[in-house]
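All remarks here apply to the structure that follows.
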Amino acid sequence: MIKNDYMPFSSKILEVIQHTDIEYTFRMEYQGDVKPGQFFEVSIPKYGEAPISVSGVGKNHIDLTIRRVGKVTNEIFERYVGNSLLLRGPYGNGFNLSDYMGKDLIIMAGGTGLSPVRGVIDYFFHHPEQRGHMTLISGFKTPNDILFRNDLKQWSANMDVILTVDCAEDDTACHVGLVTQYIPQIKMGNVTNTVAIVVGPPAMMHFSVQGLLGIGLLEENIWISQERKMCCGLGKCGHCKVGDTYICLDGPVFNYTKGKFLVD
Amino acid sequence: MGFHVNNTVLNTIFKTWQTEYNIYAPRKYPGGGRFSDTDCIRYGKINTAEEIIFDKKSEYSFKEFLTPVSQTLFFFTEGETKEADTLQKKAIIFLRSCDLHALKRLDDMYLHNGPADYYYHRLRKSIKIVLMGCDHSFENCFCVSMGTNQSSNYDMSIDRQADGTYLIDCKDADWEEQFATTGCAQQKVTPAYVTKNSITVTVPENLTAEVANSSMWDDYDSRCINCGRCNFVCPTCTCFTMQDLFYSENGKAGERRRVWASCMVDGFTDVAGGGCYRQKNGQRMRFKVLHKVLDYKQRNGYHMCVGCGRCDDICPEYISFSNCVNRLQDAVMEVKQND
Ligand SMILES: Cc1cc2nc3c(=O)[nH]c(=O)nc-3n(C[C@H](O)[C@H](O)[C@H](O)COP(=O)(O)OP(=O)(O)OC[C@H]3O[C@@H](n4cnc5c(N)ncnc54)[C@H](O)[C@@H]3O)c2cc1C
Ligand code: SF4
Ligand code: SF4
Ligand code: FES
């Protein structure tokens, strides 16, 4: 019997963490295997579905960090209190932690790009013995847009965390400028044993990868995560196709040797 | 086994089938054609053999049956979801060789590209196939170039003869017995197929995605009006968009559907915040054409396009897909020289 993958299941909202006016993390009841970087289709009847990355994985829950931008996400913000959401998934390949084990790890995140990699950061924060030196450069538009403030503070205990905003009034505690400006500050060890993950808007990913290649990282040691319109997550609706690749099935996480061809 | 039957015998057999099956075939819809005073030939339920149109190409393909224009997936009521029912009856579908090859593409997309699709599978498993022979090529067909002019994976084939009788080749054991008991003439039958089209198409051997950099695509920027009709008539196009529908403005009851989508039409790649890929129509043309004759093959090992020519038949701007494919060789050269 073939499974009906389109039927969503109802998942209880356990907790809501407000980061900014338009970005909340919804802690959802869920049991099952999930990898950071995978995503769920989240829906509310009448408004539709939206693909949302897993920003954290717990024993009986997953975190979904949602930015309020349109029809579905507005409605999620309007009526979440004490409620549940419809989910289906998880979809996509996600990050393979084994790709980064034993290596020096650089993570560059632009805006909400921090949510799909949050699970990776958290894992290596709790297991520092499984990696070498670790650097996180996390950029946001303004101080008001910063996500996961508490996590960022906590993580800096055993990794270099560079938090930067594009522009700010002068009273901010964080750096100012684009994430790419801080690449020279990364403490580099053996470059061939250094791996990187870059997630964010297309232009940010492009320039960040160029910067990392500039300091000697190998293409095969860089991973990116792509975002496309997705209506199914199952390799059927066609919206996410780029060339011969379905971002929802083959990605959204790609090694840069493959990811660099996914322009269109 | 092959048979030679007349209309009456065939209709008697159709009658027996209809207790268990609906029969879908290309038929005439008066006045529904592309031009105001013409008939439209498309798929629909038929009762008798005379209703089947053999002498014209159907404007739309059989895919409407397996992937309906709008398909309800499930219903919502207060706090509950309920799966939509499937059709009561099984189906017999009459189609030509190019379309039978297109069915393989639909199968590979819906059953093998990622997890098998529940809704496709439940329709697919209840169909039988009748191949309609082609004794001549229609306008814009290039099935021979695409290697789709002949098929043998049918349950039965049918060729209407000039005198109104039919030649049948039966592979389904039950149906064979049924024909045999009518006492009609038995003979060896090979369904008619064309060996030549007036249009030939050559996909360059050395075609790669680099051809996207050719200037040839710019020609389509203004010629194409991104109406998407080429996708809707194509038997191998499968894209859809999800849509939620509610029965009344404040009501709690509604349904989720999937509806046909087109990569030529605005909005296909739009993401929140205004992000959008392939804004120019020429880039969309390139995306569509290269899917049909390059990147589908990279994934599945054979070309997606079956050469039915329907996209050329329907285009209001007289844009020819086959002509576009034949321009690729020059475009490959152009891109090489620019390197
Ligand atoms: C793999 C993946 C992971 C994502 N992870 C997150 C996340 O963790 N947090 C977050 O806030 N957002 C994430 N997004 C973006 C999020 O899906 C969109 O912001 C959301 O779909 C907007 O829906 P809407 O109905 O509120 O907006 P509208 O603009 O009203 O949406 C209209 C339609 O466009 C589609 N759509 C719009 N934007 C996107 C988009 N970027 N990607 C795919 N489809 C889109 C929607 O499916 C919807 O049908 C992710 C997108 C993808 C593809
Ligand atoms: S090629 Fe023709 S049919 Fe297709 S979208 Fe353009 S104008 Fe419409
Ligand atoms: S691309 Fe055109 S010729 Fe090829 S299968 Fe589709 S409609 Fe037929
Ligand atoms: S999201 Fe539908 S094919 Fe990838």
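In what follows, every heavy atom counts, from backbone to side chain, and hydrogens, waters and symmetry copies are set aside. None of these values were measured; they are calculated from a predicted model. Numbered from 1 within each chain, the chains take letters A, B, ... in sequence-line order.
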Handout entry: Output field: ring centroids B/H303/B/Y296 closer than 6.0 Å
Key = no
Exercise for the section: Measure distances from B/Y120 to the heavy atoms of chain A and classify the residue's part below 4.5 Å as side chain, backbone, both or neither. Expected result: neither
Problem - Engaged part of A/T73 at the chain B interface, taking heavy atoms whose separation is under 4.5 Å - result: neither
Fill in the blank from the handout: Ranked by heavy-atom pairs below 4.5 Å to chain A, first place among B/R286, B/E255, B/Q283 goes to B/R286
Exercise for the section: May I ask you to check whether A/F77 and A/F26 place their ring centers less than 6.0 Å from one another? Expected result: yes
Handout entry: Per-residue contact mode, B/F240 against chain A (heavy atom under 4.5 angstrom)
Key = both
Exercise for the section: Indicate whether any N or O donor in one side chain lies under 3.5 Å from an N or O acceptor in the other, for B/Q71 and B/R258. Expected result: yes
Exercise for the section: Tell me, for B/A116 versus chain A, whether the close heavy atoms (under 4.5 Å) come from the side chain, the backbone, both or neither. Expected result: both
Practice task
Find the one option among A/K46, A/M230, A/R67, A/K229 whose heavy-atom pairs under 4.5 Å with chain B are most numerous.
Solution key: A/K46
Practice task
Decide whether B/R256 and A/S43 meet the rule of one side-chain donor and one side-chain acceptor closer than 3.5 Å.
Solution key: yes
Handout entry: Pair B/T77, B/K82: side-chain N/O donor-acceptor within cut-off below 3.5 Å
Key = no
Exercise for the section: Indicate, with yes or no, if the rings of A/H19 and A/F148 have centres closer together than 6.0 Å. Expected result: yes
Exercise for the section: Identify which part of B/F246 has an atom lying under 4.5 Å from any heavy atom of chain A, answering side chain, backbone, both or neither. Expected result: side chain
